[in-house]
2 protein chains.
Amino acid sequence: MEKPIIEFINYIRQYSTLSNEAENAIVALARNETLAKGSILNKEGKTCKRLYFLKSGTVRTYFYQDGKDITHWIYPKNNMVTSWYSYLSQTPSKDYIETTEISEVISLTYTQWQELYTTFPELERFGRLLIEEQMALLDDFYKGYYFLSAKEKYQLLIKAIPNITQIANLGHIASMLGISQETLSRARK
Amino acid sequence: MEKPIIEFINYIRQYSTLSNEAENAIVALARNETLAKGSILNKEGKTCKRLYFLKSGTVRTYFYQDGKDITHWIYPKNNMVTSWYSYLSQTPSKDYIETTEISEVISLTYTQWQELYTTFPELERFGRLLIEEQMALLDDFYKGYYFLSAKEKYQLLIKAIPNITQIANLGHIASMLGISQETLSRARK
DNA sequence: AATAGATTTTGACATAAGTCAAAAATAACA
DNA sequence: TGTTATTTTTGACTTATGTCAAAATCTATT
């Protein structure tokens with residue numbers, strides 16, 4: 001029998017060694033889905049209950065401000081995806097999470113993870129290291145960001161997500177950078 | 001005998017239960033210092049080896065961009081302080097960390113924490129929950145931040161750190177928000 | 001290949017915020 | 001309590017980026 005979860009297991013192994021028991025527990029709980037382009041994983045006002053591993057495809061998180069669709073972040077495949085604030089604090093989200101192309105995701109719920117953390121210390125380690133990495137990324141990305149010109153912001157993003165132009169359109173990228181699409185278009189000239 | 005570490009132990013207890021053994025291990029390793037105003041805890045180019053608990057006082061992290069001093073974040077007492085990217089990845093920092101008034105800090109090194117995480121699962125839990133909280137804070141704060149006017153940015157900061165005007169001057173606050181001091185002054189009008 | 005739809009670029013103009021400089025207000029110190 | 005230093009505010013002018021609108025380019029489908 002196939003094990004469609006294997007990529008996720010390998011992903012976890014990059015952070016922490018896994019006992020057979022822990023692996024089996026994850027395999028037993030994980031939900032594996034193939035989603036059409038434009039599928040919504042979570043929406044504004046709903047608490048994000050799941051942490052997703054994006055096995056293939058692309059996911060975008062966004063929210064509405066003054067009626068405008070503003071991209072929060074774009075995730076290429078092989079990333080953990082969720083609405084971090086909502087998921088971690090288990091409070092209603094301000095974000096939408098959507099697939100921008102056909103995507104496969106593997107997920108467990110917040111509650112399941114809490115139990116796994118308690119039962120398997122190696123999974124709590126995974127949880128810690130995963131968030132540490134996300135935190136370091138965010139901390140580094142936003143540092144001094146405000147004082148950069150439109151062009152410099154774009155260059156910084158390219159460094160963080162090199163294939164961003166292949167997986168997202170200009171409008172989404174621009175709002176992610178906090179600049180207008182026209183300005184971004186000119187910055188790339 | 002006094003236990004000057006007790007505030008830190010209580011802080012940890014907010015996140016995770018602590019066995020006597022774990023508590024003793026921390027007491028044995030923790031370094032307790034009183035620092036004059038303007039003390040530098042870490043500087044640009046040096047890897048931040050310690051995670052600090054700010055028992056009293058105020059700490060500011062900042063970096064230089066085009067020769068300008070730009071505030072990254074300001075920490076009131078009872079917070080964990082470090083240069084997150086540098087500490088978590090153990091690579092050279094871009095930040096300076098300084099006290100802006102006389103302050104007491106309690107700290108352990110990165111290496112010490114790694115050992116504690118392995119020995120005491122309850123401390124690994126603390127480590128995970130601490131970073132999760134920081135991550136949620138950052139994620140929430142920066143969201144949609146770019147599209148706010150100077151005035152709205154200031155209001156958002158006041159919500160995040162209500163006593164900010166008591167513990168930092170306008171120039172530091174302005175650069176933290178990514179706006180000029182003059183604009184901030186006018187925004188507060 | 002032709003049509004329709006979506007995305008990106010270009011143009012003209014408006015505006016929030018930056019910069020430099022000086023004045024005013026506040027705090028620190030003798 | 002007067003003097004100096006530091007911090008904050010105000011003024012005049014400049015500029016990067018936003019906005020609205022239209023043209024150009026790319027993509028998909030029949």
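Because the structure is predicted, anything quoted here is derived from the model rather than measured.
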Hey, can you pull the donor-acceptor pairs under 3.5 Å for the side chains in residues 151-165 of chain A, sequence neighbours left out?
{"unit_1": "A:Glu152", "atom_1": "OE1", "unit_2": "A:Ser149", "atom_2": "N", "d": "2.9"}
{"unit_1": "A:Glu152", "atom_1": "OE1", "unit_2": "A:Ser149", "atom_2": "OG", "d": "3.3"}

For this session: Under the side chain to side chain contact (heavy atoms under 4.5 Å, CB included) rule, collect the residues that match up with B:Asp140, sequence neighbours excluded.
Result: A:Tyr85, A:Lys94

Problem set entry | Geometric class of the A:Phe8/A:Tyr11 ring pair [parallel <30°, tilted 30-60°, perpendicular >60°] | parallel

Exercise. What residues form a side chain to side chain donor-acceptor pair (under 3.5 Å) with B:Thr47, not counting sequence neighbours?
Worked result: none

For this session: Name every residue in residues 147-158 of chain A that has at least one heavy atom under 4.0 Å from any atom of DNA chain D, in order of residue number, or write none if there are no such residues.
Result: A:Ser149, A:Ala150

Exercise. Sequence neighbours excluded, which residues qualify as salt bridge (Lys or Arg N to Asp or Glu O under 4.0 Å) partners of A:Arg31?
Worked result: A:Glu33

For this session: Quick one: which residue pairs count as a ring pair (Phe, Tyr, Trp, His ring centres under 6.0 Å) with a foot in residues 170-189 of chain B, not counting sequence neighbours?
Result: none

Exercise. Hey, are B:Arg128 and B:Glu132 close enough for a salt bridge, meaning a charged N less than 4.0 Å from a carboxylate O?
Worked result: yes

Problem set entry | Partner residues of B:Lys77 under the salt bridge (Lys or Arg N to Asp or Glu O under 4.0 Å) criterion, sequence neighbours left out | none

Problem set entry | Inter- and intrachain pairs under salt bridge (charged side-chain N to carboxylate O under 4.0 Å, His left out), touching residues 101-119 of chain B, at least two apart | B:Lys55-B:Glu104

For this session: Note down the inter-axis angle between the two ends of the helix from C:dA1-D:dT30 to C:dA30-D:dT1, five pairs each, to the nearest 10°.
Result: 50°

Exercise. Tell me: CD1 of B:Ile173 to P of D:dT7, nearest whole Å?
Worked result: 12 Å

Seminar exercise, completed: Whether each nucleotide of nucleotides 4-13 of chain C has a protein heavy atom under 4.0 Å at its base (B), only at its sugar-phosphate (S) or at neither (-) is summarised, 5' to 3', as ---SBBBBB-

Problem set entry | DNA chain C contacts made by residues 64-74 of chain A, counting heavy atoms under 4.0 Å | none

Exercise. Any sub-3.5 Å donor-acceptor pair from B:Thr99's side-chain atoms to B:Gly38's backbone N or O?
Worked result: yes

Exercise. Who else is in the cluster with A:Tyr62 when I, L, V, M, F, W and Y are joined by side-chain contacts under 4.5 Å?
Worked result: A:Ile40, A:Tyr64, A:Tyr96

Exercise. Any salt bridge between A:Arg60 and A:Asp69, counting N to O under 4.0 Å?
Worked result: yes

For this session: To the nearest Å, give me how far apart CD (A:Glu101) and P (D:dA28) are.
Result: 12 Å

For this session: Please step through side chain to side chain donor-acceptor pair (under 3.5 Å) for the pair B:Ser39 and B:Glu98, ending with a clear verdict.
Result: CA-CA 5 Å; B:Ser39 300; B:Glu98 69 157 21; over 6 Å; no

